[in-house]
J.: 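Structure provided below as C-alpha cells; questions to follow.
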Amino acid sequence: MSFPPFLCFFFFVSFLPLSTPLTSSPYLSPTIFHPNYQKMTQNFKIYAYPPPETLSFDSQVESLFYSSLIHSHFITQNPEEAHLFFIPFSFHSGLSARAAAYVVGNYRTEFIYWNRTLGADHFFLSCSGIVHGADRNVVELKKNSVQVSCFPTTAGLFIPHKDVSLPPLANVHAPVHAPGRKSSSYLGYVKYNWVKESNIKEQLLADPEFEVESEPSDQVTYEERLAGSKFCLFEYGPEISAIGEAMSFGCVPVVITDRPIQDLPLMDLLTWQQIAVFVGLSGGVNEIKRVLGRVVMAEYEDMRESAAVARHFVWNDTPQPFDAFHMVMYQLWLRRHTIRYAEREWA
C-alpha cells in the first residue's frame, strides 16, 4: 500500500528517532516542487460559493487568507472549470455543527457540485475547527472536505492526511540571513510565554546557557534576542505560532512536546526534521541540552541554512510568489484529485 506524501510525513514527524540524519533539502520533493508550483500558478482554479451577507472571522490570518484568495487569479466564475470549491462560512467565536449543516444543506440543494464528490473537492476556512455532528451534511463536511485552520489547531479537530493549517501570522521578519556561521551569545532563547511547563521553565531560568525572557523588556529588542541565539525553544501550544519569526532570524526552532504533532504548517512541502528540533518534556533541560549539543556538533549549520524556507511563512497584504498564501494554495492544489460520481449515482 502506498501513501500520499503528506500522510507519509505525518508518520515521519510523529515517530522519527532524534538520531535520524538530515536529508540534503528542506523540501519533501525538491525535484518536483518548483515545476508543480508553476503548474499550480498557471492552472489552478477555484469557485467560491456566494458568501453570506455578513462575513467575519476569528483571526487576522483567516481574514488575510480569505481576502488574498477572493482577489486572486485562482478564482473563477465558471464552476465547471474549477478544481476545488470554497465554502465561505462566517465565523464568530466558532461555528456550530447545526449552523454548518444548514449552510452545506443550502449549497447541496442550490448547486450540483457538492453531490458529485460528497464534498471531497470542497474546502472551508475555520481557525478553531468545526465540531463533529450527526447530521449528514456535517459528517460529509468533516470526513471529506478540506479544513483550512489556524496553527496550532484545536486537539481532535484536525485530520492530518486531509486538512491544512495556515502558517501563523508573524509580527516581525528579518531579511534573509546571509550564509556563513552565526555568532550567538546563547545556546537557546525562550520568550516569557513560550514555555508553560513550570519545571522546564525553572530549569531553563537556572541555566546560564539559556536566555529566558521572564517578561517583556525594552532593554534588548525581541529581534536582537532571536538573532543572538542558536535555538529558540517552544512548548507545543498557542505560542508556537512565533516559529516563523524565529526561523527568519536564523534561530533554529526547538519544539518541546511529548505527543505526535499532526498539524504543522506546510507538512506537504517541508521536511520539518531538517529545519527544527523535536524533543520530549520528560527528560527536562538536561535532555534538551544533550540533543542540542549533538545538533550543534553535527547538523546546526545545515539546519540554519535550511531555515531560509522562512519566506514560506511570510504573509503579505498583496501576495508574493512562494509566500504563505501561495504555499497554502499549493497544498490545496495537491488535494485537487477527487472521484466525481455520475449524476445518476447521487440524484
J.: For the pair Lys143 and Glu140, find out whether any cationic side-chain nitrogen is under 4.0 Å from an anionic carboxylate oxygen.
T.: no
J.: Is the closest side-chain heavy-atom distance between Leu187 and Val296 below 4.5 Å?
T.: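 Heavy-atom side-chain distance check passes, below 4.5 Å.
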J.: Strictly below 4.0 Å, N to O, side chains only: are Arg335 and Asp268 in salt-bridge contact?
T.: yes
J.: At their closest point, which heavy atom of Tyr300 faces which heavy atom of Gly250, and how far apart are they?
T.: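 For Tyr300 and Gly250, the tightest heavy-atom pair comes out as OH-O, 3.7 Å.
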J.: For Asp317, is the CG atom crowded, meaning more than 12 foreign heavy atoms sit under 6.0 Å from it?
T.: no
J.: If I take atom CD from residue Glu80 and atom CD1 from residue Ile112, how far apart are they, to the nearest 0.5 angstrom?
T.: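 Spacing of CD (Glu80) from CD1 (Ile112) equals 5.5 Å.
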J.: Taking all non-hydrogen atoms of both residues, which atom of Ala100 and which atom of Leu141 are closest, and how far apart?
T.: CB-CD2, 4.2 Å
J.: Is there a donor-acceptor pair under 3.5 Å between the side chain of Asp163 and the backbone N or O of Val146?
T.: no
J.: Do Asp323 and Met327 pass the side chain to side chain contact (heavy atoms under 4.5 Å, CB included) test, and can you show the C-alpha distance, the side-chain angles, and the key distance before you say yes or no?
T.: CA-CA 6 Å; Asp323 68 359; Met327 292 302 98; over 6 Å; no
J.: Using a 4.5 Å cut-off on heavy atoms from C-beta on, say whether the side chain of Pro253 contacts that of Met247.
T.: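 Yes, their side chains come closer than 4.5 Å.
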J.: May I ask you to check whether Tyr189 and Glu213 show a side-chain donor-acceptor distance below 3.5 Å?
T.: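 Yes - a donor-acceptor pair under 3.5 Å links their side chains.
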J.: Using 30° and 60° as the class limits, which term best fits the ring planes of His312 and Phe33: parallel, tilted or perpendicular?
T.: perpendicular
J.: Could you go through the ring pair (Phe, Tyr, Trp, His ring centres under 6.0 Å) check for Tyr186 and Phe210 one step at a time?
T.: CA-CA 6 Å; Tyr186 293 93; Phe210 294 95; 9.0 Å; no
J.: Please report the interatomic distance OG1(Thr318) to CZ(Phe325), rounded to the nearest 0.5 Å.
T.: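 With rounding to 0.5 Å, OG1 (Thr318) is 11.5 Å from CZ (Phe325).
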J.: Among residues at least two apart in sequence or on other chains, which ones pass side chain to side chain donor-acceptor pair (under 3.5 Å) with Gln38?
T.: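 Residues passing side chain to side chain donor-acceptor pair (under 3.5 Å) with Gln38: none at all.
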J.: Is Gln77 atom CD crowded by more than 12 heavy atoms from other residues, nucleotides or ligands, each under 6.0 Å away?
T.: no
J.: Strictly distance-based, threshold 3.5 Å: is any side-chain N or O of Gln331 a donor or acceptor partner for the main-chain N or O of Val164?
T.: no
J.: Spell out, yes or no, whether Leu264 and Tyr236 are grouped together once hydrophobic residues are joined by side-chain heavy atoms under 4.5 Å, including indirect joins.
T.: yes
J.: Quick one, Arg304 and Lys230 - any side-chain contact, counting heavy atoms below 4.5 Å?
T.: no
J.: Is Phe85 linked to Val138 within one hydrophobic cluster, defined over Ile, Leu, Val, Met, Phe, Trp and Tyr using a side-chain heavy-atom separation of less than 4.5 Å?
T.: no
J.: Side-chain heavy atoms under 4.5 angstrom apart, residues restricted to Ile, Leu, Val, Met, Phe, Trp, Tyr: same cluster for Ile159 and Leu269?
T.: no
J.: Determine whether Ser229 and Arg225 satisfy the following criterion, side chain to side chain contact (heavy atoms under 4.5 Å, CB included), listing intermediate values before the conclusion.
T.: CA-CA 6 Å; Ser229 302; Arg225 295 179 190 274; 5.5 Å; no
J.: Using the ring of Phe74 (Phe, Tyr or Trp, six-membered ring only), decide whether Lys45 places NZ or CZ under 6.0 Å from its centre and within 45 degrees of its axis.
T.: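 Negative - Lys45 is either too far from the ring of Phe74 or too far off its axis.
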J.: Between Glu224 and Thr221, is there a donor-acceptor pair closer than 3.5 Å when you use the side chain of the first and the backbone of the second?
T.: yes
J.: Parallel, tilted or perpendicular, judged at 30° and 60°: which one describes the rings of Tyr37 and Tyr330?
T.: tilted
J.: Donor-acceptor pair, distance only, cut-off 3.5 Å: does the side chain of Asn144 make one with the backbone of Ala120?
T.: no
J.: Minimum heavy-atom separation for Leu270 to Leu28, with atom names?
T.: O-CG, 3.6 Å
J.: Between Ile46 and His83, is a side chain to side chain contact (heavy atoms under 4.5 Å, CB included) present by the stated rule, with each step listed?
T.: CA-CA 6 Å; Ile46 291 171; His83 298 94; over 6 Å; no
J.: Less than 3.5 Å apart, any donor N or O on the side chain of Gln60 or Ser63 sitting next to an acceptor on the other?
T.: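 Checked: Gln60/Ser63 side chains show no N/O donor-acceptor pair below 3.5 Å.
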J.: Any idea which heavy atoms bring Gln274 and Asp302 closest together, and the distance?
T.: NE2-O, 4.2 Å
J.: Tell me whether the count of non-hydrogen atoms from other residues, nucleotides or ligands lying under 6.0 Å of CD in Glu223 goes above 12.
T.: yes
J.: Walk me through whether His122 and Tyr113 qualify under side chain to side chain donor-acceptor pair (under 3.5 Å).
T.: CA-CA 9 Å; His122 287 56; Tyr113 309 108; over 6 Å; no
J.: Would you say that Phe234 contacts Ile256 through its side chain, given a criterion of any heavy-atom pair below 4.5 Å between the two side chains?
T.: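 The answer is no, as the side chains (C-beta and beyond) never meet within the 4.5 Å cut-off.
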J.: Measuring from Trp315:CH2 to Ser68:OG, what's the distance to the nearest 0.5 Å?
T.: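 It comes to 6.5 Å.
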J.: Given side chains that start at C-beta, do those of Trp272 and Pro26 come closer than 4.5 Å, heavy atoms only?
T.: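 They are not in contact (no side-chain heavy atoms under 4.5 Å apart), so the answer is no.
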J.: Decide side chain to side chain contact (heavy atoms under 4.5 Å, CB included) for Gln320 and Arg311; before the verdict, give the C-alpha distance in whole Å, the side-chain angles of both, and the deciding distance to 0.1 Å.
T.: CA-CA 10 Å; Gln320 301 297 317; Arg311 65 174 177 157; over 6 Å; no
J.: Given side chain to side chain donor-acceptor pair (under 3.5 Å), test Ser248 with Glu245 step by step and report yes or no.
T.: CA-CA 5 Å; Ser248 74; Glu245 298 174 3; over 6 Å; no
J.: So which heavy atom on Pro50 is nearest to which on Tyr107, and how close?
T.: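 In terms of heavy atoms, the two residues are closest at O-OH, 2.8 Å.
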J.: Provide the closest heavy-atom pair for Asp263 versus Ser165 in the form atom of the first, atom of the second, distance.
T.: O-OG, 2.7 Å
J.: When you group the ILVMFWY residues by side-chain heavy-atom contacts below 4.5 Å and let the links chain together, are Ile32 and Leu332 in the same group?
T.: no
J.: May I ask you to decide if the ring planes of Tyr66 and Phe86 are parallel, tilted or perpendicular, using 30° and 60° as cut-offs?
T.: tilted
J.: Please determine, by modelled atom types, if Ser59 and Glu62 share a side-chain donor-acceptor pair under 3.5 angstrom.
T.: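 On atom types as modelled, these side chains qualify, holding a pair under 3.5 Å.
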J.: Does any donor atom in the side chain of Thr76 or Glu81 lie under 3.5 Å from an acceptor atom in the other side chain?
T.: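 Yes - a donor-acceptor pair under 3.5 Å links their side chains.
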J.: Among the clusters formed by ILVMFWY side chains lying less than 4.5 Å apart, do Val328 and Ile75 turn up in the same one?
T.: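 Hydrophobic grouping puts Val328 with Ile75.
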